[in-house]
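Step one of this worksheet: look at the structure below.
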Amino acid sequence: MTNPRIHSPRKHAAATLDELLLALEKELEVPAHFDQAALAAAEEAVANLAPAPNDDSALPFFTIDPEGATDLDQAMYLERASEGYVVNYAIADVPAFVQLGSKLDEVTRSRGQTFYLPHRKISLHPPLISEGQGSLLAGQVRRAFLWRITLDRSGAITDVQLTRTMIKSREQLDYHTAQQKLDDSQGGEQLELLAEIGALRIEQERLRGGASLNLPDQEVEPETNGYKLVSGHPLPLEDYNAQISLLTGIAAARIMLDHGTGILRTMPAPDEKDLAEFTEQTRLLGCPWDQKLSYGEYLRTLDVNDPRQLVIMHRAASLFRGADYDVINGQAEADLEQAAIAAPYAHTTAPLRRLVDRFVLLCCDLQANNHPIPEELNEALEQLPGLMRESSIAANRVSNAAIDLIEAYVLQHRIGEKFEAIVLREATGTHNGDPEQGEAKSRPGNLQLVSEPITGQFTGSAKPGTLVTVVLRLADPATRKIMFDILP
C-alpha cells in the first residue's frame with residue numbers, strides 16, 4: 001500500500017476543523033484541564049521529592065520513543081553477560097510523586113489514562129510531572145524503578161531484581177532515526193543488543209504460542225494548515241522495543257502471582273467457533289492456516305502489503321478481544337493468562353500515561369523486597385478494574401471519533417471522486433426483498449483505501465480481500481461519517 005501525505009484543505013478552513021475538534025471534546029466529555037488544586041499538588045509533590053535509596057546514575061541509559069515524545073516512562077541499558085544478557089529497564093517512579101490518598105491520587109483515578117487528540121494531549125498527570133520532573137528526559141537525574149532482568153542465551157528469564165533508584169538517561173532516540181542507524185551498521189552496541197535480545201524474545205513468544213499483531217499504524221499528525229493522516233508499518237526496532245516492555249510485564253506478573261497479590265492484564269483464548277471461522281476465512285482469502293504453524297507464527301508470515309493478507313490480519317485482530325484487568329484472588333493461574341501473549345502479564349511500564357501501572361510497580365517493589373502490602377494498596381487494587389475499564393472505553397471512543405473526524409474532513413471536498421479500495425468486511429442484509437425489514441437489519445461493509453490511510457463504510461456487494469473501485473458518496477465532518485458506493 002502507498003502512503004502519500006494527506007493535506008488538510010485551504011488554510012482558512014483549519015479554524016473550522018479546530019471548532020469541530022472542540023465540539024468533539026465537549027460531546028465526549030473528555031477530562032478538563034487540571035485545576036489550580038491539582039497543579040498546586042504537583043508543585044508540592046515535586047518540592048517534597050526525596051532522592052531514591054539507591055543511585056545508578058552512572059549507568060548510560062537511553063530512551064527510544066516516537067519522535068517528539070516528552071512523557072518518557074522507560075529507559076534501558078543492555079548488557080551482554082557470560083551466560084546471556086542483563087536487561088536494565090528503568091521505569092519512571094511515579095509513586096514517588098503520587099502518594100496513596102493524596103490529591104494527585106484522586107485526580108489520576110478520575111482520569112485513568114492519557115487521552116490523545118489531534119490538537120492536544122490530555123495527560124493523566126499534570127505536565128510538571130508527566131513531561132518534566134517525572135519524565136526520564138536525557139541529561140536529567142530522575143527517580144526510577146530499576147528492573148534488572150537476567151536472561152540466558154536463548155532469551156529466557158533466569159532472575160529478576162527490582163529496586164528504587166536514581167538514573168540518568170544519556171540519549172533520547174526516536175524510532176526512525178534509531179532504525180536508520182541500525183540499518184547502516186552505526187547503531188552502536190546498545191541498539192545492536194536491543195535487536196539481538198528483541199529477536200530472542202520474539203522466539204520465546206513463538207515457543208510460548210504467543211502472537212503479535214503488526215497492523216499498519218494510522219495516526220493524526222499536525223501540519224501547518226491543519227492535520228494530516230499518516231500510516232505506516234511498525235519498524236523492526238519498534239517490535240524489539242515492545243518485546244522489552246512485554247518481558248517486564250511478564251516478570252511483574254510472575255512476582256505478583258508468586259506472592260498472591262496484584263492486578264493482571266488478562267485476555268481469554270478465542271473460542272473454537274471463532275478459530276474455525278478464522279481458519280476458513282484464511283482459506284477463502286488464499287492464505288490458508290493449516291495449523292502446522294502456531295497462530296502467532298502464522299501471523300508473522302503475513303505481508304500486510306498484500307490486500308488479502310491485510311484483511312486476514314484485520315480478522316485476526318477480532319480474535320484478540322475480551323481484554324480486562326483482574327485482581328489476583330486465588331484463581332487458577334490458567335484463568336489469569338493474557339491469551340495473545342500466552343503468559344500471565346501485567347501493565348507495568350507506562351505509569352506516566354496509565355493509572356494501573358503505578359499500582360503494579362508499588363506491589364512488585366514491595367513483594368520483590370519482602371515488604372507487606374498495606375491495606376490501603378489492597379483496597380485500591382479492588383477499585384482498579386472498574387476505573388481502567390471506564391477510562392479505556394472513554395479513551396478509545398475519543399481516539400476513534402477523532403480519526404473519523406479527520407478522515408471525513410480531508411475527504412469532504414472530494415465527493416464523486418473514484419478510489420481503489422480493499423474490502424475489509426462485506427456488507428450484510430437480511431431483507432429478502434422486504435424493504436421495511438431490510439433497512440433495520442442490513443449493515444454496510446468496511447473498506448480501506450489503497451492510496452490513503454482512510455477506512456470507511458460502503459454499500460454494494462464485495463467479498464473481504466477484494467480490490468474494488470468505489471466512488472465517494474458522503475464525507476461529513478459534522479457527523480464523522482464516510483460512505484462509498486462500489487462501482488460495477
Side-chain angles (χ1 to χ4, degrees), residues 21 25 30-52 57 61-76 89-99 102-146 164-178 219-222 227 241 245 347-359 361 391 394-395 398-399 402:
L21 287 166
E25 286 191 42
V30 303
H33 292 282
F34 291 101
D35 62 21
Q36 287 303 312
L39 295 175
E43 291 177 359
E44 182 180 0
V46 169
N48 295 332
L49 184 68
S57 57
F61 285 90
F62 72 97
T63 62
I64 181 166
D65 291 276
E67 185 177 4
T70 53
D71 47 356
L72 310 183
D73 294 282
Q74 314 110 17
M76 73 180 80
Y89 204 43
I91 309 299
D93 190 348
V94 177
F97 298 93
V98 185
Q99 305 296 319
S102 67
K103 174 64 177 178
L104 288 176
D105 188 23
E106 175 190 339
V107 169
T108 54
R109 290 195 201 197
S110 70
R111 291 178 174 237
Q113 60 191 283
T114 295
F115 287 58
Y116 294 92
L117 283 163
H119 59 306
R120 74 183 185 101
K121 176 174 61 181
I122 304 163
S123 298
L124 175 60
H125 301 89
L128 179 62
I129 293 173
S130 63
E131 300 179 54
Q133 298 300 310
S135 180
L136 305 183
L137 300 168
Q140 304 299 315
V141 177
R142 293 287 188 257
R143 282 195 62 139
F145 289 89
L146 177 55
R164 294 176 86 163
T165 190
M166 308 300 294
I167 69 111
K168 182 179 180 180
S169 172
R170 302 302 200 273
E171 186 176 17
Q172 180 177 348
L173 298 173
D174 67 82
Y175 288 119
H176 287 279
T177 301
E219 296 181 358
V220 179
E221 292 185 357
Y227 302 91
N241 190 53
S245 181
H347 273 160
T348 315
T349 62
L352 289 171
R353 294 169 283 146
R354 194 169 47 211
L355 176 69
V356 68
D357 300 49
R358 169 161 61 92
F359 296 88
L361 288 165
S391 71
V398 168
S399 177

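This chain uses plain numbering: 1 for the first residue, then up along the sequence. Quick note: numbers below take in every heavy atom, side chains included, and nothing from hydrogens, waters or symmetry partners.
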* **Atom pair CD (Glu44) and CG (Leu39), whose distance is rounded to the nearest 0.5 Å** => 13.0 Å
* Do you know which two heavy atoms are closest between Ser169 and Glu171, and how far apart they sit? -> OG-O, 3.4 Å
* side chain to side chain contact (heavy atoms under 4.5 Å, CB included) between Leu146 and Phe61: does it pass, once the steps are laid out? -> CA-CA 11 Å; Leu146 177 55; Phe61 285 90; 3.7 Å; yes
* Test Phe62 against Arg170 for side chain to side chain contact (heavy atoms under 4.5 Å, CB included), laying out the working first. => CA-CA 6 Å; Phe62 72 97; Arg170 302 302 200 273; 5.9 Å; no
* Strictly by modelled atom types, are Tyr175 and Asn241 linked by a side-chain donor-acceptor pair under 3.5 Å? -> yes
* Structure fact -> Interatomic distance, CD@Gln140 vs CD1@Ile167, rounded to 0.5 Å, equals 11.0 Å
Which atom pairs, one a donor and one an acceptor, fall under 3.5 Å between side chains of residues 130-137 and the rest of the protein, sequence neighbours left out?
residue, atom, partner, partner atom, Å
Ser130, OG, His125, O, 3.3
Ser130, OG, Pro126, O, 3.4
Glu131, OE1, Thr70, OG1, 2.8
Ser135, OG, Thr70, O, 2.6
Ser135, OG, Leu72, N, 2.9

* Structure fact -> What one should report as the nearest heavy-atom pair of Pro351 and Leu124 is O-CD2, 4.0 Å
* Asked: Are Asp93 and Arg142 close enough for a salt bridge, meaning some N to O gap below 4.0 Å?
  -> no
* Asked: Does one side chain, of Arg111 or Ser123, offer a donor that lies under 3.5 Å from an acceptor on the other?
  -> no
* **Glu25/Arg120 ion pair, N-O < 4.0 Å** => yes
* Any side-chain heavy-atom pair from Pro95 and Phe145 closer than 4.5 angstrom? -> yes
* Flag for Asp174-Thr177: side-chain donor and acceptor within less than 3.5 Å -> yes
* Asked: Heavy atoms, side chains only, cut-off 4.5 Å: are Ile122 and Thr114 in contact?
  -> no
* **Pairing residues for Gln172 by the side chain to side chain donor-acceptor pair (under 3.5 Å) criterion, not counting sequence neighbours** => none
* Asked: Should Arg354 and Asp73 count as an ion pair when the cut-off is N to O under 4.0 Å?
  -> no
* Shortest non-hydrogen contact from Leu361 to Ala92? -> CD1-O, 4.2 Å
* Supply the atom-to-atom distance Gln113 CD to Asp357 CG, rounded to the nearest 0.5 angstrom. => 10.0 Å
* **Tyr116 side chain reached by Arg353 side chain, heavy atoms, under 4.5 Å** => yes
* **Side-chain donor/acceptor of Ser102 to backbone N/O of Val98, under 3.5 Å** => no
* For Ser245, what residues pass the side chain to side chain donor-acceptor pair (under 3.5 Å) criterion, not counting sequence neighbours? -> Thr349
* Please test Thr165 against Arg143 for side chain to side chain contact (heavy atoms under 4.5 Å, CB included), starting from the C-alpha separation and ending with a verdict. => CA-CA 6 Å; Thr165 190; Arg143 282 195 62 139; over 6 Å; no
* Step-by-step side chain to side chain contact (heavy atoms under 4.5 Å, CB included) determination, Thr348 to Ile91 -> CA-CA 8 Å; Thr348 315; Ile91 309 299; 5.6 Å; no
* Could you state the interatomic distance from CZ (Phe34) to CG (Leu104), rounded to the nearest 0.5 Å? -> 8.5 Å
* Using a 4.5 Å cut-off on heavy atoms from C-beta on, say whether the side chain of Val46 contacts that of Leu128. => yes
* **Sub-4.5 Å side-chain heavy-atom contact between Gln99 and Asp105** => no
